[in-house]
Amino acid sequence: MKPSKDIDMLNDLDDLENLLENSYVFGKTGSLKVASCDDYYLVSRVEWEGLSSMTERNTYVWNADLFGGEIEQSDWNDQYKAVFYANAVLDRLVELNIDLNTEQSKYVKGAALFLRAYAYYDLAAGFCEAYDEETAHEVWGLPLRTEAAIDEIESRSTLKETFDLIIGDVEEAARLLKGRPFPTNNRNRPSMEASYAMLARVYLSMRKYEQASAYADSCLIRYSTLVDYNDICKDCATPFLNDLDEVIFSSNHLIANARLTSVGERLWMAVDTLLIDAYDPNDLRLSINFLKNREGNFNKKRGYIMTGFYDFSGLATDEMYLIRAEGYARRGDVERAATDLEMLLNKRFVHDTFNGIMTLDANDLLDLILEERRKSLVWRGLRWSDLKRLNKEGRNIVLTRRLGSEEYVLPANDARYVFPIPDDEIALSNINQNIR
């Protein structure tokens with residue numbers, strides 16, 4: 001019932017479509033994954049002690065008690081807000097008895113399903129274990145809400161159920177969005193191409209590399225534009241424009257834990273020196289992605305966004321080339337893997353300085369693809385998921401941070417790779433907490 005006649009209701013397809021355009025709700029990803037990964041470090045213990053929140057301090061040193069009693073955590077709450085909005089649209093489509101065979105109704109339903117899955121996947125990447133086919137039916141997934149009703153408590157699903165819902169939503173979205181033109185001027189809008197790209201990302205995190213590569217291929221068949229970094233301003237603080245041709249679906253990190261996750265000159269932090277040293281002098285990604293601050297350290301510039309300080313985390317063609325190449329390499333198709341990697345790197349190096357891929361050994365090529373993946377997709381919130389899946393495969397990547405004389409270590413496959421559910425959520429719903 002409307003509490004006031006001044007409140008607008010969702011009365012038709014235009015209202016529903018407009019609701020899905022809410023950029024304050026949709027197209028966001030969590031900040032904790034960026035703050036927790038090994039792409040940066042704080043320059044001193046003093047800077048760590050000066051962090052504004054307990055959550056930031058605990059995140060930096062991978063404390064088991066991540067939130068330290070702080071509530072209202074955006075990584076959890078804001079994604080469930082996106083789920084609520086998407087469910088409200090899906091519910092209203094049924095309540096209004098709308099014909100679901102029109103182009104607009106198909107778009108509205110497909111977009112709502114995509115955006116719901118996008119939020120659920122981001123939650124799973126932070127608050128669930130790395131996917132393992134053998135145990136996914138036993139370990140905790142997410143509370144899965146598929147209706148907007150707020151008067152029922154959902155218990156946690158299994159991880160398999162969580163990923164089944166995500167995949168099912170995006171597969172249906174791809175079917176519903178088929179035939180709709182790619183949104184070149186509004187890349188916050190879901191599309192068939194974005195659905196295929198999303199499925200490629202999801203399957204990669206599940207270590208189902210054949211499916212990941214196949215969906216990346218389906219995306220690239222339809223949209224494969226790569227930007228030549230020789231045409232991008234190397235000295236600009238904001239190198240990229242909105243709706244960059246390489247972007248398939250635009251999103252950015254939530255406004256939270258900003259001292260650890262925002263971009264631009266940040267004197268209190270520095271990009272990891274080993275990562276900086278990994279770039280070839282002719283690799284344009286070094287000058288375009290990073291700036292040297294007044295202290296002589298490197299900071300991250302804005303990525304595929306034009307404004308704001310919370311970097312791009314969406315889907316783009318460079319990620320699809322890397323996913324497809326990784327899938328090819330893992331199954332021994334080194335020629336195709338090398339071709340994809342060369343296609344990308346030719347657009348990233350100064351003209352006539354990239355000498356091609358020098359190895360056709362499958363294992364060496366896979367290592368090279370993974371290294372290029374880190375250099376290309378830095379600060380997009382993907383490193384945390386990569387660490388989880390690669391450590392599942394035995395790569396034993398150990399993270400270390402030092403504050404003064406104290407050293408903090410995060411071993412491979414540690415329980416702290418799964419963020420705890422916020423305390424206020426546990427108190428209200430009494431769902432099962434993650435063990436750290």
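Given the structure is predicted, the values throughout are model-derived calculations rather than measurements.
Side-chain contact between Leu16 and Leu20 is absent, with no heavy-atom pair separated by less than 4.5 Å. Considering only heavy atoms from C-beta on, Tyr279 stays 4.5 Å or farther from Asp277 through its side chain. In this structure the side chain of Val89 reaches within 4.5 angstrom of the side chain of Val108, judged on heavy atoms. Between Arg436 and Val418 there is no side-chain heavy-atom pair separated by less than 4.5 Å. Tyr41 places a side-chain heavy atom less than 4.5 Å from the side chain of Asn297. In this structure the side chain of Asp423 never reaches within 4.5 angstrom of the side chain of Glu70, judged on heavy atoms. A 4.5 Å side-chain heavy-atom check between Tyr85 and Asn22 finds at least one atom pair inside the cut-off.
Judged by distance alone, the side chains of Asp14 and Gln104 do bring a donor and an acceptor atom under 3.5 Å apart. Residues Ser376 and Glu372 bring no donor and acceptor atom of their side chains to less than 3.5 Å of each other. Between the side chains of Ser313 and Ser251, at least one donor-acceptor pair of N or O atoms lies under 3.5 Å. Ser213 and Arg324 form no side-chain donor-acceptor contact under 3.5 Å, judged by distance and modelled atom types alone. His351 and Asn346 form no side-chain donor-acceptor contact under 3.5 Å, judged by distance and modelled atom types alone. A donor and an acceptor atom, one from each side chain of Ser23 and Asn188, are nowhere located under 3.5 Å apart. Between the side chains of Asp65 and Asn63, no donor-acceptor pair is found at a separation under 3.5 Å. No side-chain donor-acceptor contact under 3.5 Å links Arg180 and Ser191. Counting only N and O atoms by type, the side chains of Tyr107 and Glu17 include no donor and acceptor under 3.5 Å apart. Between the side chains of Arg145 and Asn87, not a single donor N or O lies within less than 3.5 Å of an accepting N or O.
Residues forming a salt bridge (charged side-chain N to carboxylate O under 4.0 Å, His left out) with Glu138 (at least two apart in sequence, or on another chain): none. With sequence neighbours left out, the ring-ring contact (aromatic ring centres under 6.0 Å, His included) criterion links Phe309 to no other residue.
Of the possible donor and acceptor atoms, none in the side chain of Arg156 sits under 3.5 Å from a partner among the backbone N and O of Leu142. At distances below 3.5 Å, at least one donor-acceptor pair connects side-chain atoms of Tyr60 with backbone N or O atoms of Leu42.
For Lys33 and Asp122, the salt-bridge test passes: some basic side-chain N is under 4.0 Å from an acidic carboxylate O. Salt-bridge check for Arg389 with Glu393: failed, with every basic side-chain N at 4.0 Å or more from each acidic carboxylate O. Taking the charged nitrogens against the carboxylate oxygens, Glu129 and Lys388 have no contact shorter than 4.0 Å, which rules out a salt bridge. Between Lys208 and Glu133 there is a salt bridge, since at least one side-chain N of the basic residue sits less than 4.0 Å from a carboxylate O of the acidic one. Classification of Arg348 and Glu246 as a salt-bridged pair holds, one side-chain N sitting under 4.0 Å from a carboxylate O. Of the charged side-chain nitrogens involved, at least one lies within less than 4.0 Å of a carboxylate oxygen, so that Glu95 and Arg92 count as a salt-bridged pair.
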Problem set entry | Phe67/Asn58 under side-chain contact (heavy atoms from CB on, under 4.5 Å): CA gap, chis, key distance, verdict | CA-CA 7 Å; Phe67 303 127; Asn58 288 339; over 6 Å; no

Exercise. Do Phe127 and Trp140 pass the ring pair (Phe, Tyr, Trp, His ring centres under 6.0 Å) test, and can you show the C-alpha distance, the side-chain angles, and the key distance before you say yes or no?
Worked result: CA-CA 9 Å; Phe127 294 95; Trp140 291 120; over 10 Å; no

Exercise. Passes side chain to side chain donor-acceptor pair (under 3.5 Å), Thr162 versus Ser157? Steps please.
Worked result: CA-CA 6 Å; Thr162 295; Ser157 66; 2.8 Å; yes

For this session: Determine, step by step, whether Thr29 and His253 satisfy the side chain to side chain donor-acceptor pair (under 3.5 Å) criterion, reporting the C-alpha distance in whole Å, the side-chain angles of both residues, the deciding distance to 0.1 Å, and the verdict.
Result: CA-CA 5 Å; Thr29 58; His253 303 307; 3.1 Å; yes

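Ring centroid separation for the pair Tyr229 and Phe240 comes in under the 6.0 Å cut-off. Aromatic rings of Trp76 and Phe419 (six-membered ring for Trp) have centroids beyond the 6.0 Å cut-off, not under it. For Phe249 and Tyr118, the ring centers sit closer than 6.0 Å to each other.
More than 12 heavy atoms of other residues, nucleotides or ligands lie within 6.0 Å of CD1 in Ile221, so this atom counts as buried by the packing criterion. By the 6.0 Å contact criterion, CG on Asp352 is open, its count of non-hydrogen atoms from other residues, nucleotides or ligands being 12 or less. At most 12 heavy atoms of other shown residues, nucleotides or ligands fall within 6.0 angstrom of atom CD in Glu335. Around atom CD of Glu265, more than 12 heavy atoms belonging to other residues, nucleotides or ligands sit under 6.0 Å away.
Classification of the Tyr417-Trp384 ring pair by plane angle, with boundaries at 30° and 60°, yields tilted. The aromatic rings of Phe349 and Phe354 lie tilted to each other, with the angle between the two planes from 30° to 60°.
Between Arg380 and the options Asp386, Asp39, Asp311, Asp318, a salt bridge (charged side-chain N to carboxylate O under 4.0 Å, His left out) holds for only Asp318. The one candidate from Ile248, Asp340, Asp217 that meets the side-chain contact (heavy atoms from CB on, under 4.5 Å) condition with Met320 is Ile248.
Note that OH of Tyr131 is 13.5 Å distant from OG of Ser385, once rounded to the nearest 0.5 Å.
Both tests do not hold together for Arg401 against Tyr408: distance to the six-membered ring centre under 6.0 Å, angle to the ring axis within 45°. Stacking of Lys301 on the aromatic ring of Phe290 is not recorded, the 6.0 Å distance cut-off and the 45° axial limit not both being met.
Nearest heavy atoms, Ala173 versus Gly110: CB-O, 3.3 Å. For the pair Phe84 and Ala148, the tightest heavy-atom approach, listed with the atom from each and the gap, is CE1-O, 3.1 Å. Contact record, Val263 with Gly308: CG2-O, 4.5 Å, taken as the closest heavy-atom pair. Here the closest heavy-atom approach between residue Trp62 and residue Ser36 is recorded as NE1-O, 2.9 Å.
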